[in-house]
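To keep things clear, I will list the structure first and then write my remarks on it.
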Amino acid sequence: MTARDGYRVAVVGATGQVGTVMLRLLRERAFPAREIVPFASERSAGRELEGGLIVQALTEESIQGFDIAVFSAGATTSREWAPRFAAAGCVVVDNSSAFRRDPEIPLVVAEVNPEALDNHKGIIANPNCSTMQLMVALKPIHDAAGIERLIVSTYQSVSGTGVAAVEELESQTHALLHGMEPPAPQIYRETIAFNVHGGAGNFADGDDHTDEERKMMFETRKILGDESIAINVTCARVPVRNSHSESVTLETRAPLSVEEARALLESAPGLRVVDDPTRHAYPTALDAAGHDEVFVGRLRRDPSHERGLCLWVVSDNLLKGAATNAVQIAEVLHERGLVRPRVAA
Ligand SMILES: NC(=O)c1ccc[n+]([C@@H]2O[C@H](COP(=O)([O-])OP(=O)(O)OC[C@H]3O[C@@H](n4cnc5c(N)ncnc54)[C@H](OP(=O)(O)O)[C@@H]3O)[C@@H](O)[C@H]2O)c1
């Protein structure tokens, strides 16, 4: 590719939380784009974004001529429009849940299974945010000793639900701090301010796990390529603006000491270990916010099992949990020659 070439990139959902960050990261990471076009709903069409970009509506005409599209506009929009972009010759990286379960569609964490991109057919799925950070932390342990069983409890921030959920937390918190009746919940079923919801996501008919919990179970096995991993998950929503935290207990197939696990985590890509009980040091949601890496701490032996390990995993759900990984996938596609750039006229 020469300097005057570069990809024509669409950002779908560009006015949302994740889309806004994707636009910024494409610029900051100097992704080789000759043009970036933001798309959102018809409500936002014509709006000017930072850098003078004008929001477009999705139409059969406006989606033509792109090389790469990063989607972050919800599963309904992805189901309708991602296949149309792909049919028009574009590679789509999709942040929604629309395609993650499709066996034909790679589900990729950039540091964990980039080889899955090699056989893509035009659409690539970005994992759920809470699964994403878990995979970065578990991959080195799974490669070294195999994971037989996994028990995860999440403490998920409200930004994982969307910008309206952040506003709900803020307005309820403000009201309660000023001695007023909080506004009735619109996004969640219960008040989220000063509360904890023990079942993040939705219960499908007849299921005693939420869809959020099912996503982590399914996606973990798909990304690690191991259907035999036993997994149980509880997803909770906490009144934190940004960054998901996870308590993880795992049992390895082969013995793995805490020291060996620590050495593996310290040298793994995309991970930062913060773990010193003598200083009460471990990662918090606020520490992780604004960083691309996944943070790990509280590494210790599970006293109830000789091959059990415990860890605490924290990451910014809007960055590595969504936008950073989507842009990293676009970078890997570029590096591996898996996008054919159109030559500028
Ligand atoms: N938040 C996270 O941590 C996270 C992590 C991983 C994946 N995701 C996924 O990313 C997606 C977006 O999340 P978000 O938090 O950024 O949500 P958000 O802040 O609510 O933004 C939604 C975006 O989608 C656009 N949109 C809505 N309906 C549309 C339509 N019919 N056609 C075109 N664009 C439409 C919105 O445009 P308008 O401004 O015009 O309404 C907005 O740009 C979801 O699929 C979510 O599951 C989110």
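These numbers come from the heavy atoms of this one structure, side chains and all, not from hydrogens, waters or symmetry mates. Counting starts at 1 for both ligands and their atoms, following the listed order.
Shown in contact with Ser96 at under 4.0 Å from a heavy atom are these atoms of ligand 1, numbered in order with element: 45 (O). Close approach of ligand 1 to Ser44 is summarised as follows: ligand atoms under 4.0 Å from at least one heavy atom of the residue are 38 (P), 39 (O), 40 (O). Interface of Ser159 with ligand 1, defined as ligand atoms under 4.0 Å from a residue heavy atom, comprises 1 (N), 2 (C), 3 (O). If you number the atoms of ligand 1 from 1 as listed, the ones under 4.0 Å from a heavy atom of Leu318 come out as 1 (N), 2 (C), 3 (O). Contact atoms of ligand 1 toward Ala322: 5 (C), 6 (C) (distance under 4.0 Å to a heavy atom of the residue).
Protein heavy atoms are found inside the 4.0 Å sphere centred on atom 6 (C) of ligand 1. Under the 4.0 angstrom criterion, atom 24 (O) of ligand 1 counts as having a protein heavy-atom contact.
Using a cut-off of 4.0 Å between Lys/Arg side-chain N and Asp/Glu carboxylate O, Glu170 and Arg241 are scored as salt-bridged. In summary, Arg79 and Asp94 do not engage in a salt bridge, as defined by a charged side-chain N under 4.0 Å from a carboxylate O. Salt bridge absent: Lys320 and Asp316 never bring a charged side-chain N and a carboxylate O closer than 4.0 Å. Salt bridge Asp275/Arg298: absent, no basic N to carboxylate O contact under 4.0 Å.
Taking all heavy atoms of Ser78, Ala164, Gly74 into account, the minimum distance to atom 44 (C) of ligand 1 is reached by Gly74. Ranked by closest heavy atom to atom 33 (C) of ligand 1, the top entry among Gly162, Ala14, Ala40 is Ala40.
In this structure, a donor-acceptor pair under 3.5 Å is present between the side chains of Ser228 and Arg253.
With a 6.0 Å cutoff to the six-membered ring centre and a 45° limit on the axis angle, Arg272 does not count as a cation-pi contact of Phe295. The cationic group of Arg34 does not satisfy the cation-pi geometry with Tyr7, failing either the under 6.0 Å distance to the six-membered ring centre or the 45° limit from the ring axis.
In terms of polar-atom proximity, Arg43 is counted as a contact of ligand 1, with an N or O under 3.5 Å from an N or O of the ligand.
For atom 42 (C) of ligand 1, the closest heavy atom belonging to the protein is Thr15 OG1, 3.4 Å.
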